[in-house]
Amino acid sequence: MGGRGEELARRLEEVRSRIATACADVGRDPGQVTLVAVTKFFPASDVEELLGLGVTQVAENKDQEAGAKVAELPPSVREALTVHFVGQLQSNKARRVAGYADVVQCVDRAKLIRGLDGGRAAALDAGVATEPLDVLLQVDLGEGGRAGRGGAAPAELPALAEAVADAPHLRLRGVMAVAPLGLDDAGTRAAHERLVALGQQLGRAHPGADVVSAGMSGDLELAIAAGATHLRVGSAILGSRPAAR
Ligand SMILES: *Cc1c(COP(=O)(O)O)cnc(C)c1O
């Protein structure tokens, strides 16, 4: 393992220990919290190093970069990974993303569903996928004049969920959000709690939709306290990226 491998190992260890501490603080089992490493901007070689360190879930946020990176991975590495897509998804990219991702966390409008479903059908036909595509609904947690950071309004979730559930090659798995900027810890935790409550509502209507993806490098403890099942951690593991990524 080179210098980069050691750096990733050290950072990952710090994140894992933050997760363990946060779980212990609220009496949760760390085994119920899935760490997804957000590898956007970083090379396929980092993804491979992370897999060697036991990270099997990775996320990307831009179609072009993600598609190229996944294609670059040796087949044995690709097979061992669950690849999440967390970016803003343009509808003309949905079909393609459904061909190489395992989970799309950012479904925020009905318009994406047809492309994702069709893309997955084609991938299944071609033998490049063996399972339906897992889908999370992205929720906008903006409130009271504070801008949300993308996603469907909470009131839109039931209809969106029905549409995903009706798509034969998609599997509705839960909800995802990015907490609004500029909140203090209590406000951020409350935002995560709103997401958890929306996730529970969704899960009652759609058994099996039990994923709540919340929390990033800066707020993972607050997300764990609120009940998140999945964390999306980029910079704390991989280091800082150029701005606006
Ligand atoms: C980049 C990104 C993350 C990771 O952010 P960090 O602050 O680097 O941990 C999480 N979720 C989404 C949707 C992202 O785009």
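All ligand and atom numbering here is 1-based and tracks the order in the structure. As the structure is a computational prediction, the values presented were derived from the model and not from experiment.
By the criterion of a heavy-atom distance under 4.0 Å, the side chain of R241, and not its backbone, is placed next to ligand 1.
Taking only nitrogen or oxygen atoms, main chain and side chain alike, G234 reaches within less than 3.5 Å of ligand 1.
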Test side-chain hydrogen bond (donor to acceptor under 3.5 Å, both in side chains) applied to H192 and D219, step by step: CA-CA 10 Å; H192 290 316; D219 62 354; 3.1 Å; yes

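A donor atom on one side chain and an acceptor atom on the other are not found under 3.5 Å apart for S235 and R241. Under 3.5 Å, the side chains of T34 and Q57 contain no donor-acceptor pair of N or O atoms.
For ligand 1, the atoms closer than 4.0 angstrom to any heavy atom of S235 are 6 (P), 7 (O), 8 (O), 9 (O). Atoms of ligand 1 lying under 4.0 Å from any heavy atom of K40, numbered from 1 in the order shown and given with element: 1 (C), 2 (C), 3 (C), 14 (C), 15 (O). Atoms of ligand 1 found under 4.0 Å from any heavy atom of V233 (numbered from 1 in listed order, with element): 9 (O). Atoms of ligand 1 lying under 4.0 Å from at least one heavy atom of R232, given by number and element, are 4 (C), 9 (O), 10 (C), 11 (N), 12 (C), 13 (C).
Among D166, V107, L137, the one residue that satisfies the side chain to side chain contact (heavy atoms under 4.5 Å, CB included) test with L172 is L137. When each of V103, V33, V211 is tested with H230 by the rule side chain to side chain contact (heavy atoms under 4.5 Å, CB included), just one qualifies, namely V211.
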